Amino acid sequence: MKCRVCRGPAVIDLRRHNANFCPEHFVKFCRDQTAKAIGDHDMLQRDDRVLVAVSGGKDSLAVWDILTTLGYVADGLYVGLGIAGYSDASADAARAFATTRNLKLIEVDLVDTYGYDIPTGSKAAKRAPCSACGMSKRHVFDEQARVGGYDALVTGHNLDDEAAVLFGNVLRWQTPYLGRQRPVLHAGDGFPRKVKPLIRLGERETAAYCVVSGIDYLVDECPMAEGNRHLAYKEALTD
């Protein structure tokens, strides 16, 4: 298996692109695909102050790394969810990444700031944990972007994530959600612009990018995500 660009030994095959890449050209491919998504959808401007929602997982760390490599001024935002074991490990991964690259990481702990964690908050609100988590994080994202004067909030949603969300919303015909599923949600009514630069990269590609780039990320899924519809849709599409 040879790299399509240099004909050297390849480390990954991308059937979707009918191509194989060596480490150097795979990293370049991922960065080029991200830059294309940003350009095609007018996601970011060069002078934007960017806030990246960071979980410690492969997607958020990959997009943070790629954006800084592309020359954007990007800080990270980590939200402590108070999930035993998992939250500590995810925070460690986010901090380690920021420290080794001398990047700014803002941390907001739900317990310290709002007096609840996701396990207790979801019970009090009578919501599924993932629903309570998503609502809590969105509030923190919006508030920190507003207070910090950031122009755009970046999330690490990849192509597989977007396909699974589209699949689920079509199956349940959620027209309001279908209308809002876009690569860019423009700023308005106090909310920051929200963008998804990884929409041209699949989950396997972001994981490989982290491995090839030497990025240590949290591999484990959140223990409270068991039974999550989104994960089930992703598994169905993968099958």
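Throughout, numbering of the chain's residues begins at 1 and tracks the sequence. All of these numbers come straight from a predicted model, not from anything done at the bench.
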More than 12 heavy atoms from other groups under 6.0 Å of [atom1] on [X]:
X: R15; atom1: CZ; answer: no
X: N18; atom1: CG; answer: no
X: E221; atom1: CD; answer: no
X: R172; atom1: CZ; answer: yes
X: D47; atom1: CG; answer: yes
X: Y177; atom1: OH; answer: no
X: R180; atom1: CZ; answer: no
X: D216; atom1: CG; answer: no

For this session: For S131, enumerate each residue passing the side-chain hydrogen bond (donor to acceptor under 3.5 Å, both in side chains) test, keeping only those at least two apart in sequence or located in another chain.
Result: R127

Exercise. Residues in side-chain hydrogen bond (donor to acceptor under 3.5 Å, both in side chains) with R101, at least two apart?
Worked result: D65

Residue pair [X] / [Y], side-chain heavy-atom distance below 4.5 Å:
X: I38; Y: L67; value: yes
X: K234; Y: F167; value: no
X: L14; Y: F29; value: yes
X: N158; Y: E205; value: no
X: L185; Y: F191; value: no
X: K137; Y: L81; value: yes
X: D161; Y: E203; value: yes
X: F21; Y: V27; value: no

Test item: [X] side-chain N/O and [Y] main-chain N/O as donor-acceptor pair under 3.5 Å:
X: T99; Y: A96; result: no
X: S60; Y: S55; result: yes
X: S122; Y: P119; result: yes
X: Q181; Y: E162; result: yes
X: R200; Y: P197; result: no
X: T100; Y: F97; result: yes

Problem set entry | Passing option when R193 is tested against D42, D48, D151 for salt bridge (charged side-chain N to carboxylate O under 4.0 Å, His left out) | D48

For this session: Indicate whether the side chain of Y116 and that of S136 have a donor and an acceptor atom separated by less than 3.5 Å.
Result: yes

Exercise. Would V140 and T113 count as a side-chain contact (heavy atoms from CB on, under 4.5 Å) if you check the C-alpha gap in whole Å, the side-chain angles of each, and the deciding distance to 0.1 Å?
Worked result: CA-CA 10 Å; V140 175; T113 308; over 6 Å; no

For this session: Please list, chain by chain and in numerical order, all residues satisfying ring pair (Phe, Tyr, Trp, His ring centres under 6.0 Å) with H41, sequence neighbours excluded.
Result: none

For a quick test of reading the model, state the closest non-hydrogen atom pair linking [X] to [Y] and the distance between them.
X: R4; Y: H17; answer: NH1-O, 3.5 Å
X: I83; Y: P223; answer: CG2-CG, 3.8 Å
X: H157; Y: T155; answer: ND1-OG1, 2.8 Å
X: A10; Y: N20; answer: CB-CB, 3.6 Å
X: Y150; Y: K104; answer: OH-NZ, 4.1 Å
X: G148; Y: R49; answer: O-NH1, 2.5 Å

[atom2] on [Y] to [atom1] on [X], rounded to 0.5 Å:
X: W64; Y: L51; atom1: CH2; atom2: CG; answer: 9.0 Å
X: D189; Y: D142; atom1: CG; atom2: CG; answer: 11.0 Å
X: Q33; Y: K28; atom1: CD; atom2: NZ; answer: 10.0 Å
X: H25; Y: C6; atom1: NE2; atom2: SG; answer: 5.0 Å
X: I66; Y: T34; atom1: CD1; atom2: OG1; answer: 3.5 Å
X: K196; Y: L159; atom1: NZ; atom2: CG; answer: 11.5 Å

Examine [X] and [Y] and state if one hydrophobic cluster contains both, with Ile, Leu, Val, Met, Phe, Trp and Tyr joined whenever side-chain heavy atoms are less than 4.5 Å apart.
X: L198; Y: F141; answer: no
X: V165; Y: L231; answer: no
X: L110; Y: V54; answer: no
X: V154; Y: L77; answer: no
X: L201; Y: V184; answer: yes

For this session: Start with the C-alpha gap between S87 and Y78, add the side-chain angles, then the distance that decides, and say whether side-chain contact (heavy atoms from CB on, under 4.5 Å) holds.
Result: CA-CA 10 Å; S87 289; Y78 174 79; 4.1 Å; yes

Problem set entry | CA sep, side-chain torsions, deciding dist, call: L166, Y233, side-chain contact (heavy atoms from CB on, under 4.5 Å) | CA-CA 9 Å; L166 179 61; Y233 295 143; over 6 Å; no

For this session: Start with the C-alpha distance between M43 and I199, add both sets of side-chain angles, then the distance that settles side-chain contact (heavy atoms from CB on, under 4.5 Å), and finish with yes or no.
Result: CA-CA 12 Å; M43 293 183 181; I199 56 167; 4.1 Å; yes

